[in-house]
Amino acid sequence: MPELPEVETVMRGLEPAMLKKKVKSLVFNRPNLRYDLPAGLPAQLAGKRIESLRRRGKYILCFCEGGQGFVLHLGMSGVMKVLKAGELYEAQKHDHVIISMYDGGMVVFNDARRFGFLISTHLDDWHQRAPFNKMGPEPLGNDFYTSVLFEGLRKRKGPIKVALLDQSVVAGLGNIYVCEALYRSGISPIRAACDVSAEECDLLVRAIKDVLSEAIEAGGSSLKDYRNTEGKMGYFQANFGVYDRAGQACPGCDCSIDDTGGVLRIVQAGRSSFYCPRQQR
Ligand SMILES: [Zn+2]
């Protein structure tokens, strides 16, 4: 599932195609994805200029002049394709949403598994509505620092791994970047969140910011479905320390795999966690 770096990469790819441009039409090729598609939205957006595009957590928000807009989530397999004016395009199976711009450009939302969604929202109150009303700070923003994370973890008795996946603690993290940030900060995913010290929170905040920034720089991570708006893969998966590397040596370890078994995979809250029991305590 796309996490912050992948969603950020997609949003940046949409900007040249959509931002400050006028919507000619918005077409839904089916009534619903994960949720019903907003039937009234095409009429509301037609002829309107897109004033802003932003990412919050794993969501993309798009607002037109007048404030009407939509929230987009890529789900598991959602891909946004950007087509320039005059570019030939043959419609594909699972092209569910098509946004045509007056300059001839097009944006196509393709989602084979339909876990993605598009719902309407408004600039005036989007932040007061779910899921944004309970969302924690943006990890790359100035509102995310050591004491904020420490406070967020202090009352949680469950594992640190699970706490970091909770979007109310910090927004945008998923399985990959939580595993990688814990690895970089030397903290075991099994530790109780409330037992992580302020000093360790300091390391963790830095690791989260670093791993996300590096992943954005690399265009995200492509494991199965993720592609950017040009259909290209991200390449941060080549830099994973532990994620999806069970049984292999982690980059910073001099331990013999025969002795330690290498990177361990365990299951926490139904999701795989990967870690090095030697470097993460
Ligand atoms: Zn190791």
Side-chain angles (χ1 to χ4, degrees), residues 1-23 26 45 48-65 69-85 87 89 95-111 116-119 121 123 126-127 131-132 135 137-144 167 170-174 176-177 180-181 208-239:
M1 182 164 136
E3 304 179 29
L4 186 153
E6 292 77 38
V7 179
E8 178 72 22
T9 303
V10 168
M11 194 209 62
R12 291 180 186 184
L14 294 176
E15 280 176 346
M18 297 173 75
L19 197 54
K20 306 297 174 193
K21 300 197 171 178
K22 260 190 181 176
V23 177
L26 170 64
L45 297 196
K48 296 265 167 58
R49 207 167 92 114
I50 294 175
E51 291 295 350
S52 69
L53 270 172
R54 59 179 295 177
R55 179 194 55 73
R56 176 79 171 104
K58 301 174 195 171
Y59 302 85
I60 292 170
L61 291 132
C62 172
F63 297 107
C64 285
E65 54 184 310
F70 58 85
V71 180
L72 180 85
H73 190 270
L74 298 169
M76 309 284 282
S77 57
V79 173
M80 298 293 281
K81 302 176 198 176
V82 166
L83 300 152
K84 296 193 179 75
E87 198 173 325
Y89 181 70
D95 283 352
H96 302 311
V97 177
I98 296 168
I99 308 170
S100 302
M101 311 304 294
Y102 266 104
D103 71 355
M106 237 167 72
V107 173
V108 178
F109 181 38
N110 182 290
D111 185 5
F117 62 80
L118 186 153
I119 53 173
T121 194
L123 188 59
W126 67 273
H127 52 280
F132 305 108
M135 197 172 277
E138 279 295 319
L140 293 174
N142 295 331
D143 297 338
F144 183 62
Q167 302 295 297
V170 53
L173 295 182
I176 293 176
Y177 299 104
E180 292 298 315
I208 289 169
K209 288 180 188 277
D210 285 351
V211 76
L212 293 175
S213 303
E214 289 169 31
I216 290 170
E217 197 71 23
S221 303
S222 288
L223 294 175
K224 294 192 191 86
D225 302 307
Y226 170 71
R227 297 290 183 276
N228 69 15
T229 53
E230 294 173 333
K232 298 203 175 87
M233 292 172 72
Y235 53 89
F236 191 70
Q237 63 279 7
N239 299 329

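Keep in mind it's a predicted model, so treat the numbers as computed, not measured.
A salt bridge links Glu138 with Arg55: the distance from a Lys NZ or Arg NE/NH1/NH2 to an Asp or Glu carboxylate oxygen falls below 4.0 Å. Salt bridge Lys22/Asp103: absent, no basic N to carboxylate O contact under 4.0 Å. Classification of Glu65 and Arg49 as a salt-bridged pair fails, no side-chain N sitting under 4.0 Å from a carboxylate O.
Put simply, the residue from Val79, Leu74, Leu72 that forms a side chain to side chain contact (heavy atoms under 4.5 Å, CB included) with Val10 is Leu74.
Note: Lys20 NZ to Glu15 CD = 10.5 Å, rounded to the nearest 0.5 Å. To the nearest 0.5 Å, the span separating CZ on Arg56 from NE2 on His127 amounts to 11.0 Å. Between the SG atom in Cys64 and the CG atom in Leu123 there is a gap of 10.5 Å [rounded to 0.5 Å]. Here the CE atom belonging to Met80 is positioned 10.5 Å from the CG atom belonging to Asn110, to the nearest 0.5 angstrom. Rounded to the nearest 0.5 Å, atoms CG (Asn228) and CE (Met11) are 13.5 Å apart. Taking OG from Ser222 and OH from Tyr235, the interatomic distance works out to 11.5 Å, rounded to the nearest 0.5 Å.
A donor and an acceptor atom, one from each side chain of Glu6 and Tyr177, are located under 3.5 Å apart. In this structure, a donor-acceptor pair under 3.5 Å is present between the side chains of Ser77 and Asp111.
Within a 6.0 Å radius of CD in Glu214, more than 12 heavy atoms belonging to other residues, nucleotides or ligands are found. The neighbour count for Asp210 CG, taken as heavy atoms of other residues, nucleotides or ligands under 6.0 Å away, is above 12. Annotation for Tyr89: atom OH counts as buried by contact number, over 12 foreign heavy atoms lying within 6.0 Å.
Looking at every heavy atom in both residues, Gly220 comes nearest to Pro5 through CA-CB, 4.4 Å. Among all heavy-atom pairs drawn from Pro137 and Asp143, the shortest one is CB-O, 3.7 Å. Shortest non-hydrogen contact noted between Met106 and Ser100 is CG-OG, 3.7 Å. Among all heavy-atom pairs drawn from Gly219 and Thr9, the shortest one is C-OG1, 3.6 Å. The two residues Ile176 and Glu3 make their nearest non-hydrogen contact at N-OE2, 2.8 Å. Shortest non-hydrogen contact noted between Gly75 and Pro2 is O-CD, 3.0 Å.
A tilted orientation is assigned to the rings of Phe117 and Tyr59, their planes being inclined by 30° to 60°.
Taking Lys58 as the reference, Met1, Val7, His73, Gln167 meet the side chain to side chain contact (heavy atoms under 4.5 Å, CB included) condition, with sequence neighbours excluded.
Side-chain contact between Leu4 and Leu140 is present, with at least one heavy-atom pair separated by less than 4.5 Å. The shortest distance between side-chain heavy atoms of Phe63 and Ile50 does not fall below 4.5 Å. Put simply, the side chain of Ile216 does not reach to within 4.5 Å of the side chain of Phe236, judged on heavy atoms. No side-chain heavy atom of Lys81 sits less than 4.5 Å from a side-chain heavy atom of Thr229. Residues Ile208 and Phe144 are in side-chain contact: their nearest non-hydrogen atoms beyond the backbone lie under 4.5 Å apart. Side-chain contact between Met18 and Ile99 is present, with heavy atoms from C-beta onward closer than 4.5 Å. When side chains are defined from C-beta on, Leu61 counts as touching Trp126, because their heavy atoms get closer than 4.5 Å.
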**Request:** Tell me, with the steps shown, if Val107 and Leu83 meet side-chain contact (heavy atoms from CB on, under 4.5 Å).
**Result:** CA-CA 6 Å; Val107 173; Leu83 300 152; over 6 Å; no
**Request:** List the steps, then state whether side-chain contact (heavy atoms from CB on, under 4.5 Å) holds for Val23 with Met101.
**Result:** CA-CA 5 Å; Val23 177; Met101 311 304 294; 4.2 Å; yes
**Request:** Applying side-chain contact (heavy atoms from CB on, under 4.5 Å), run through Ile60 and Phe70 and close with a yes or a no.
**Result:** CA-CA 8 Å; Ile60 292 170; Phe70 58 85; 5.9 Å; no
